[in-house]
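In what follows, a structure is listed as structure tokens, so that the remarks can point back to it.
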Amino acid sequence: MRLLTLALLYPATCLVNQRLHDVGRSGWWAALMLLTLVVASPLSGTLASEAGLTLTGAFLTLLGLIPGHQDHNRYGPAPGSVRAGSGPRPL
């Protein structure tokens, strides 16, 4: 189970970083989520562990509910504004 958790940690962090960039926030906010999970993991079954998992779940829920930017932000164009074939054309 721990091996599966470690295998899924990197892709999950990448997805959270992408979503943070969609709402105009730095990907470093994902480090807070990872820190919470790393601290809560060895304390399994304790109140601190439950609080860490609750905070992480609340963070991910809020991140999913916040609408992304409709225009460009400092991390690039809005995901819906890029269409297939609209990239740079070869010379």
Side-chain angles (χ1 to χ4, degrees):
M1 186 65 176
R2 289 189 190 265
L3 185 60
L4 178 64
T5 302
L6 287 175
L8 294 176
L9 193 60
Y10 178 73
T13 304
C14 291
L15 289 172
V16 170
N17 278 334
Q18 181 64 46
R19 182 64 186 137
L20 284 165
H21 287 173
D22 289 345
V23 297
R25 299 285 180 231
S26 170
W28 284 104
W29 282 95
L32 181 63
M33 182 190 71
L34 283 175
L35 179 65
T36 304
L37 289 175
V38 167
V39 169
S41 180
L43 306 172
S44 182
T46 64
L47 183 61
S49 175
E50 296 300 321
L53 292 174
T54 302
L55 285 172
T56 301
F59 173 76
L60 292 173
T61 301
L62 286 173
L63 191 59
L65 294 174
I66 297 171
H69 284 224
Q70 298 300 322
D71 300 328
H72 296 344
N73 61 22
R74 67 182 182 179
Y75 300 105
S81 66
V82 179
R83 285 183 252 131
S86 65
R89 299 185 186 263
L91 296 174

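Just so you know, residue 1 is the first one in the sequence shown, and it goes up from there.
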Over 12 non-hydrogen atoms of neighbours within 6.0 angstrom of CG in Leu47: no
Within this structure, what is the CG-CG distance for the pair Asn17 and Asp22, rounded to the nearest 0.5 Å? 11.0 Å
Check residues 26-34 and write down every donor-acceptor pair under 3.5 Å in which the side-chain atom is one partner and the other belongs to a residue at least two apart or another chain.
{"unit_1": "Ser26", "atom_1": "OG", "unit_2": "Trp28", "atom_2": "N", "d": "3.2"}

Straight-line distance of Leu60 CG to Arg19 CZ, nearest 0.5 Å: 11.5 Å
Determine whether Val16 and Ile66 fall in the same hydrophobic cluster, where Ile, Leu, Val, Met, Phe, Trp and Tyr are linked whenever their side-chain heavy atoms lie under 4.5 Å apart. yes
